[in-house]
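Counting begins at 1 with the first residue of the sequence.
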Amino acid sequence: MATQFPPDPFGSDETHGPRSEPTNEAELRADNARLREQLALRDLALDGIQTTFVIADRTTPEPTILYCNRIAAQMLDARSDVLIGKGLSVLLQNNVSVKPDFQGDYATLSAGQKISYEAEVKRPDGSTFWRGVTVVPIFDTDG
């Protein structure tokens, strides 16, 4: 069975040069090892920032979390891997002033425009703070 890789929109990998379909098990293992290294580096970089970073799939009725960094998980006193696959509203459940309008925001995001707003958020102790939120659309090869 042939392994399918997503098309590279740039035709190459800056680190490793042009990519081609692996022809044997050793090449496949080497490609997998490089991908694991790249993902680990991404995780270290995004876990090191003090900004909530989340990637969600908006093709579901409620966007589903595909990735979240450490600070996003800490907001909910959870681990990132536990949040993967949950609805995005879990990250917004403590919002006091702004409730998500997933359907209404789709048109703006689908047009490639970002959405920015401030939301008042309630802490477990009942106090509140203001959080700035910016949602930026990213598109895969299917749009």
Side-chain angles (χ1 to χ4, degrees), residues 1-125 129-143:
M1 180 167 118
T3 303
Q4 294 291 341
F5 289 97
D8 182 348
F10 304 105
S12 70
D13 176 328
E14 291 180 18
T15 306
H16 304 289
R19 287 170 43 176
S20 61
E21 188 77 22
T23 57
N24 62 43
E25 187 175 336
E27 287 180 10
L28 184 58
R29 288 183 190 279
D31 283 352
N32 285 338
R34 278 193 296 273
L35 287 172
R36 281 192 299 278
E37 288 173 13
Q38 290 172 358
L39 289 173
L41 181 60
R42 178 217 53 197
D43 289 348
L44 286 171
L46 292 174
D47 282 345
I49 62 175
Q50 293 301 306
T51 300
T52 300
F53 186 91
V54 177
I55 298 174
D57 177 2
R58 71 172 188 90
T59 61
T60 54
E62 176 183 348
T64 305
I65 299 170
L66 299 176
Y67 173 85
C68 66
N69 68 348
R70 177 189 48 80
I71 199 81
Q74 283 179 345
M75 267 182 7
L76 297 170
D77 196 25
R79 292 188 337 254
S80 296
D81 62 329
V82 172
L83 296 174
I84 305 300
K86 297 207 182 289
L88 192 59
S89 62
V90 72
L91 293 174
L92 308 171
Q93 65 190 1
N94 294 331
N95 281 15
V96 174
S97 62
V98 176
K99 298 296 179 191
D101 176 16
F102 300 123
Q103 297 301 323
D105 292 342
Y106 278 175
T108 301
L109 295 171
S110 294
Q113 299 173 359
K114 69 180 180 181
I115 298 169
S116 295
Y117 61 90
E118 289 187 347
E120 187 178 12
V121 180
K122 185 185 291 188
R123 293 184 181 101
D125 67 6
F129 67 97
W130 286 88
R131 174 185 352 185
V133 177
T134 300
V135 180
V136 179
I138 56 175
F139 302 94
D140 62 12
T141 55
D142 294 329

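- With sequence neighbours excluded, the residues that form a side-chain contact (heavy atoms from CB on, under 4.5 Å) with Arg29 are Glu25.
- One distance of note links CG of Leu44 with CG of Leu39; it measures 11.0 Å at 0.5 Å rounding.
- Here CG of Asp47 is found 6.0 Å from OG of Ser80. Values are rounded to the nearest 0.5 Å.
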Task: Stepwise side-chain contact (heavy atoms from CB on, under 4.5 Å) test for Gln50 and Arg70 - done: CA-CA 9 Å; Gln50 293 301 306; Arg70 177 189 48 80; 3.4 Å; yes

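- For Ala119, the side-chain contact (heavy atoms from CB on, under 4.5 Å) partners are Asn95, Ser97, Val98, Tyr117, not counting sequence neighbours.
- Here CD1 of Ile55 is found 11.5 Å from CD1 of Ile65. Values are rounded to the nearest 0.5 Å.
- In plain terms, the two heavy atoms of Val90 and Glu62 that are nearest each other are N-OE2, 4.4 Å.
- Residue Pro63 comes nearest to Ala56 through the heavy atom pair CB-CB, 4.0 Å, listed as atom of the first residue, atom of the second, then distance.
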Open item on the list: Working note: Phe53 + Ile71, criterion side-chain contact (heavy atoms from CB on, under 4.5 Å); need CA distance, chi angles, decisive distance, verdict.
Closed with: CA-CA 8 Å; Phe53 186 91; Ile71 199 81; over 6 Å; no

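- Looking at every heavy atom in both residues, Lys114 comes nearest to Thr134 through CD-CG2, 3.9 Å.
- Under a cut-off of 6.0 angstrom, the local environment of CZ in Arg42 is crowded, with over 12 non-hydrogen atoms contributed by other residues, nucleotides or ligands.
- Within the 4.5 Å cutoff, the side chain of Ile115 has heavy atoms near those of the Leu109 side chain.
- Here Ala72 pairs with Thr52, Val54, Cys68, Asn69 under the side-chain contact (heavy atoms from CB on, under 4.5 Å) rule; sequence neighbours left out.
- Shortest non-hydrogen contact noted between Ala73 and Arg79 is CB-C, 3.8 Å.
- Between the CG atom of Asp31 and the CZ atom of Arg36 there is a distance of 10.5 Å, given to the nearest 0.5 Å.
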